[in-house]
Amino acid sequence: MNSAKKKPPFPTLPLYGALGLVVFAVFIVGVSKFSERDPTVREKAEPRQTRDLQFVDLPDGAIEIKDAATGSAIDVVPPGQNGFMRVTMRSLARQRRLQNIGSEPPFRLTAWSDGTVSLEDPSTGKRVNLRAFGEDNARSIAYLMSANGATK
C-alpha cells in the first residue's frame, strides 16, 4: 500500500520561456558583436555652445538663474514650477555639499554637436545628459542657453 502522493509534473512552459529568453539574449549579443557598429561607443561629440549659470534660491521658493559671466538675471522660476530643473539642481548641489563646495562656482550648460544638452558642475565633475530624461525635460533647462532676461 503505497501512501505516497504523486508529485505533479514540473511546469515546462515557464522553463521553455526562460530558455527562449536566454537564446534570444545570446542571439542579440552575437549580432551586435559581429556587426560593424559597436553600440557602446558613441561618436565623439563636440561642444557647440556653452553657458555658465548660477542658480540662486530666493526666500519665497523661487529660483533666480544668472548668467555667470555677466551676473545678470536671465530667468526666475516661480515656486513649485519646473520640477525637473529643481530635482536636477538638488542632485548636483548635494554632490557639492558632500565635497564641501559652496554655491559660488557656476554650472555649465552645454549644447553638443550630436544634439544632446548637458548640465555639468565643473567643480565636482558631475554631468547630467538632459535628453536622457526626455525631450520635454531637456527643454525645461536647455532654453537657458538662449534666454536673455529675467521674467516673472
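The figures that follow rest on heavy atoms only: side chains count, while hydrogens, waters and symmetry mates do not.
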Pairwise side-chain contact, [X] with [Y], heavy-atom cut-off 4.5 Å (strictly under):
{"X": "L53", "Y": "I74", "value": "yes"}
{"X": "T110", "Y": "R127", "value": "no"}
{"X": "F84", "Y": "N82", "value": "yes"}
{"X": "I141", "Y": "V117", "value": "no"}
{"X": "I65", "Y": "V76", "value": "no"}
{"X": "M85", "Y": "L119", "value": "no"}

Where do [X] and [Y] come nearest, in terms of heavy atoms and distance?
{"X": "P14", "Y": "P11", "value": "CD-O, 3.5 Å"}
{"X": "S118", "Y": "W112", "value": "OG-NE1, 2.8 Å"}
{"X": "P79", "Y": "D60", "value": "CG-O, 3.2 Å"}
{"X": "R131", "Y": "G115", "value": "NH1-O, 3.0 Å"}

Determine, step by step, whether L109 and L130 satisfy the side-chain contact (heavy atoms from CB on, under 4.5 Å) criterion, reporting the C-alpha distance in whole Å, the side-chain angles of both residues, the deciding distance to 0.1 Å, and the verdict.
CA-CA 10 Å; L109 186 63; L130 301 176; 4.1 Å; yes
Worked check of side-chain contact (heavy atoms from CB on, under 4.5 Å) between E64 and K66
CA-CA 6 Å; E64 181 180 40; K66 295 181 177 186; 3.2 Å; yes
Please list, chain by chain and in numerical order, all residues satisfying ring pair (Phe, Tyr, Trp, His ring centres under 6.0 Å) with Y143, sequence neighbours excluded.
none
[X] [atom1] to [Y] [atom2] distance, which is reported to the nearest 0.5 Å:
{"X": "S123", "Y": "Q95", "atom1": "OG", "atom2": "CD", "answer": "10.0 Å"}
{"X": "S113", "Y": "K44", "atom1": "OG", "atom2": "NZ", "answer": "10.5 Å"}
{"X": "M145", "Y": "R48", "atom1": "CE", "atom2": "CZ", "answer": "12.5 Å"}

Per the salt bridge (charged side-chain N to carboxylate O under 4.0 Å, His left out) rule, what does the pair list look like for residues 86-109, sequence neighbours excluded?
D52-R108, R96-D121
Please test L58 against I63 for side-chain contact (heavy atoms from CB on, under 4.5 Å), starting from the C-alpha separation and ending with a verdict.
CA-CA 6 Å; L58 300 178; I63 300 172; over 6 Å; no
Fit a plane to each ring of F55 and F107, take the angle between them on a 0 to 90° scale, and name the class: parallel (under 30°), tilted (30 to 60°) or perpendicular (over 60°).
perpendicular
